Amino acid sequence: MAAIPPSPGSPSDADPMIPLGVRVQRQAAVGVAGQPGTIRVVTVEGDTASESEGAGALAQLPELLRRADAAVWVDLVAPTPTQAKLVGDALGLHPLIVEDVLEGNQRAKIETTDGVVHIVLFHLTYGDTVVASELDVVLGRGYLLTVHNTDWDPRATHHLAGGVAPILKRGPDHLLWAIADDLVDGYFPFADRIGDAIDDVQDEVVRKATPDTVERLFKLKRELIQVRRAISPIREVFNQLTNRDETLIDPEELVYFRDIYDHVIRLTDELDNYRELASATLDVYLTQVNNNLSVIMKRLTGVTVILAGIGAVAGIFGMSEAASALGGGEGSGFWAITAVVVGTAAIAALWLRRIDWI
């Protein structure tokens, strides 16, 4: 068996930290215009594995597909429109499938056209921003086509790290499971990180509600919406894949796809729970703001009670005698009234302090 060279690790392996509070960007599978992509073709026939790349791989593709016992994986990395059309012609794909691949900005979906299954999934890459990169997968008779960008390498995934041949030997449908299972598993660290961030925001809201806290909360809610928009349709993809009669998938492989479906259900449930927690945290923030306002009003009321008593006494006796009293021109009555007023104000302040009004 020919050895298949290992591939470098994906960018997500280099930076395990998952940033929060940033927009989730969408990225199509097609590369930058004018820069040619990479075409790799891996073939497993019996116990023999071979791999080719570039124009030679594209030229050999029609002959490889005519071999009844061969399992072929065509991997397009950031292709140009011309490369995508050439591969589509070699595989006999419907023009609409090639058009969807080139257009990008698709939602996760599954479509059957001319006897082949076209699936759109997303891979999350963690860096300064969270990038949802589109992955187009086409499952046909005897082959699997994957189209993706350079920020993700399927060979660095858990199932393919030990080599492509053992997986592809069991058929293109099994390779589809291996790639999809790794994609879905890659969503869980992001969901867990968002859950931890929401817990931190909740603690901050309970301790002290500030505008910075609610701003962070809104950023988390925005990320939840954007990630859920990319992930939620995947549930329907694997629901259809496991429940309809699809001749391209071996019945023995359905149990593997049902396992992915279970993971997607759990993931979407977690995202829904986090969204509810984020909304509940916002309600707690508003409650805290109202409570703080009530505390401020109580304290102002307590200060007003004290000053109102002093003002009432001063209004009755008048302040015109204050200058004479300070100059020794008044009797002891002024000082007695002043002492009573100050003492009463002090007693009122202590009482209001005791009932937590000031």
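Scope of the values below: all heavy atoms of this structure, side chains included, with no hydrogens, waters or symmetry mates. If you're wondering where the values come from, they're calculated on a predicted model, not measured in any experiment.
Between Glu51 and Arg155 there is a salt bridge, since a side-chain N of the basic residue sits under 4.0 Å from a carboxylate O of the acidic one. Between Asp250 and Arg170 there is no salt bridge, since no side-chain N of the basic residue sits under 4.0 Å from a carboxylate O of the acidic one. A salt bridge links Glu204 with Arg216: at least one charged nitrogen is closer than 4.0 Å to a carboxylate oxygen. Between Arg193 and Asp196 there is no salt bridge, since no side-chain nitrogen of the basic residue lies less than 4.0 Å from a carboxylate oxygen of the acidic one.
Within the 4.5 Å cutoff, side-chain heavy atoms of Val138 are placed close to those of Leu93. Side-chain contact between Leu220 and Val201: present, with at least one pair of heavy atoms (C-beta onward) separated by less than 4.5 Å. Residues Glu45 and Arg67 meet the side-chain proximity criterion, which asks for heavy atoms closer than 4.5 Å. Looking at heavy atoms from C-beta onward, Phe122 lies out of side-chain contact with Leu183 at the 4.5 angstrom threshold. Taking 4.5 Å as the limit, every side-chain heavy atom of Leu144 sits out of range of all side-chain heavy atoms of Leu168.
Under 3.5 Å, the side chains of Asp185 and His158 contain no donor-acceptor pair of N or O atoms. With 3.5 Å as the limit, one finds no donor-acceptor pair spanning the side chains of His159 and Asp182. With no hydrogens or angles considered, no side-chain donor-acceptor pair links Asn273 and Asp269 at under 3.5 Å. For the residue pair Asn149/Ser133, the side-chain donor-acceptor check at 3.5 Å is not satisfied. Between the side chains of Glu111 and His118, not a single donor N or O lies within less than 3.5 Å of an accepting N or O.
To the nearest 0.5 Å, atom CD of residue Gln240 and atom CD1 of residue Ile119 are 9.5 Å apart. Atom OG1 of Thr146 and atom CZ of Arg40 lie 9.5 Å apart (nearest 0.5 Å). Here the OG1-CG distance, from Thr213 to Asp200, works out to 11.0 Å after rounding to the nearest 0.5 Å. Interatomic distance, CG of Leu241 versus CD of Glu253, reported as 11.0 Å (0.5 Å rounding). Summarising the geometry, atom CD belonging to Glu252 is positioned 10.0 Å from atom CG belonging to Asp173; distances are rounded to the nearest 0.5 Å. Here CZ of Phe238 is found 11.5 Å from OH of Tyr261. Values are rounded to the nearest 0.5 Å.
Shown here are the side-chain contact (heavy atoms from CB on, under 4.5 Å) partners of Asp212, two or more places apart in sequence or in another chain: Thr210, Glu215.
Side-chain N or O atoms of Asn290 include one that pairs as donor or acceptor with a backbone N or O of Leu286 at under 3.5 Å. Judged purely by atom type and a 3.5 angstrom limit, Glu63 has no side-chain atom pairing as donor or acceptor with the backbone of Gln60. Using a distance-only test at 3.5 Å, with no hydrogens or angles considered, no donor-acceptor pair links the side chain of Thr157 to the main chain of Asp153.
Considering every non-hydrogen atom in both Leu300 and Thr304, the closest pair reads O-OG1, 2.6 Å. The shortest heavy-atom contact between Trp152 and His123 is CD1-NE2, 3.0 Å. In terms of heavy atoms, Leu267 sits closest to Ala191 at CD1-CB, 3.8 Å. When all heavy atoms are compared, the tightest approach of Arg258 to Thr242 is N-CG2, 3.7 Å. For the residue pair Leu65 and Ala90, the shortest heavy atom distance occurs at CD1-O, 3.8 Å. Looking at every heavy atom in both residues, Gly142 comes nearest to Pro172 through C-CG, 3.6 Å.
Checking each of Leu76, Leu64, Asp75 against Val41 for a side-chain contact (heavy atoms from CB on, under 4.5 Å) leaves exactly one that passes, namely Leu64. Among the candidates Ile167, Leu160, Leu176, the single residue satisfying the side-chain contact (heavy atoms from CB on, under 4.5 Å) test with Trp73 is Leu160.
A chain of hydrophobic side-chain contacts below 4.5 Å, direct or via other Ile, Leu, Val, Met, Phe, Trp or Tyr residues, connects Val255 to Phe257.
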